Structure formats: C-alpha cells, structure tokens
Amino acid sequence: MMVIMRFGGPIKNESPEAYTRRIKDLFLVRAKYIIDRYVKSSAEWLINLPAAMTKSILQTITDLSDNNSKDDLTRIRTMFDAAHKEIYLLMKRDAWKRFQS
C-alpha cells in the first residue's frame with residue numbers, strides 16, 4: 001500500500017500548532033511506512049544498514065511517536081539522511097561498478 005501525502009496549507013481557522021501537528025502526523029505515517037518496508041528486520045524489502053544505524057532510526061521513530069517538541073519536524077525530515085548516504089556508498093562501491101563497464 002502506497003501512502004500518498006498531500007499537505008496543502010492550513011485548514012481554515014486552524015491554529016499554527018494544529019497545522020504543525022497535522023504535518024508531523026503525516027510525516028510520521030510516511031516514515032513508519034518506510035521503516036516497515038525497508039528498515040525493520042522483518043521488512044519485505046530489507047536494506048543492508050549497519051545495526052547501529054537501524055537501531056538509531058527505530059529509536060528516533062519511537063521517540064517521535066511518544067513526544068511532541070518543536071524540533072520534531074526537523075528530526076523526521078532528517079532521520080533517514082545517514083541511511084541515504086550509506087545506501088549510496090554501498091551502491092557506489094559494490095553494485096554500481098558492475099553496471100558502469
């Protein structure tokens with residue numbers, strides 16, 4: 001199931017705090033989808049990440065689900081940055097070389 005996210009702007013008479021919370025909830029839904037699909041050990045399309053990185057991502061999503069602070073949106077937007085770099089390096093070192101020649 002693919003989750004489609006449409007943010008739009010604030011709903012009429014929606015407070016800035018409510019808008020921020022709604023956006024955070026949308027980001028969390030998408031992040032959980034990515035984690036369930038690619039990061040968890042039971043994932044259908046498990047990617048090869050270091051154990052410490054996987055643990056960090058899982059801890060971050062747990063913290064974000066239980067917490068409500070001002071930096072949550074930044075943490076959600078950046079929680080996969082290290083994994084993105086790691087996958088890129090894996091492709092560059094291993095798989096990509098086979099396709100370049």
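One is the number of the first residue; the rest follow in order along the sequence. We use all heavy atoms of the structure for the numbers below, so side chains are in, but hydrogens, waters and symmetry mates are not. Here the structure is a predicted model, which means the values were calculated and not measured.
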Item checked: side-chain contact (heavy atoms from CB on, under 4.5 Å) assessment of L90 paired with I47 -> CA-CA 10 Å; L90 283 171; I47 55 176; over 6 Å; no
Margin query: Rounded to the nearest 0.5 Å, what separates atom CZ in R22 from atom OG1 in T20?
Written below: 10.0 Å
Item checked: F80 with L58, same ILVMFWY side-chain cluster at under 4.5 Å -> yes
Item checked: Distance, nearest 0.5 Å, that separates CG of L49 from NE2 of H84 -> 12.0 Å
Next item on the list: Applying side-chain contact (heavy atoms from CB on, under 4.5 Å), run through M79 and I35 and close with a yes or a no.
Entry: CA-CA 11 Å; M79 70 187 288; I35 289 169; 3.9 Å; yes
Check: If you measure from CD1 on I57 to OG1 on T62, what distance do you get to the nearest 0.5 Å?
Finding: 11.5 Å
Item checked: Partner of D72 by salt bridge (charged side-chain N to carboxylate O under 4.0 Å, His left out), out of R77, K24, R21 -> K24
Note to self: Between S15 and A18 (side chain of the first, backbone of the second, donor and acceptor by atom type, cut-off under 3.5 Å), is there such a pair?
What the structure shows: yes
Margin query: To the nearest 0.5 Å, what is the distance between CG on L28 and NZ on K32?
Written below: 5.5 Å
Next item on the list: Report whether L89 and Y38 are members of the same hydrophobic cluster (ILVMFWY, side-chain heavy atoms less than 4.5 Å apart, transitive linking).
Entry: no
Notebook entry, point to check: Are M53 and M91 connected, step by step, through hydrophobic side chains (Ile, Leu, Val, Met, Phe, Trp, Tyr) whose heavy atoms are closer than 4.5 Å?
Noted result: yes
Margin query: Using 0.5 Å steps for rounding, measure from the CD1 atom of I76 to the OG1 atom of T60.
Written below: 10.0 Å
Checklist line | Test item: S56 side-chain N/O and A52 main-chain N/O as donor-acceptor pair under 3.5 Å | finding: no
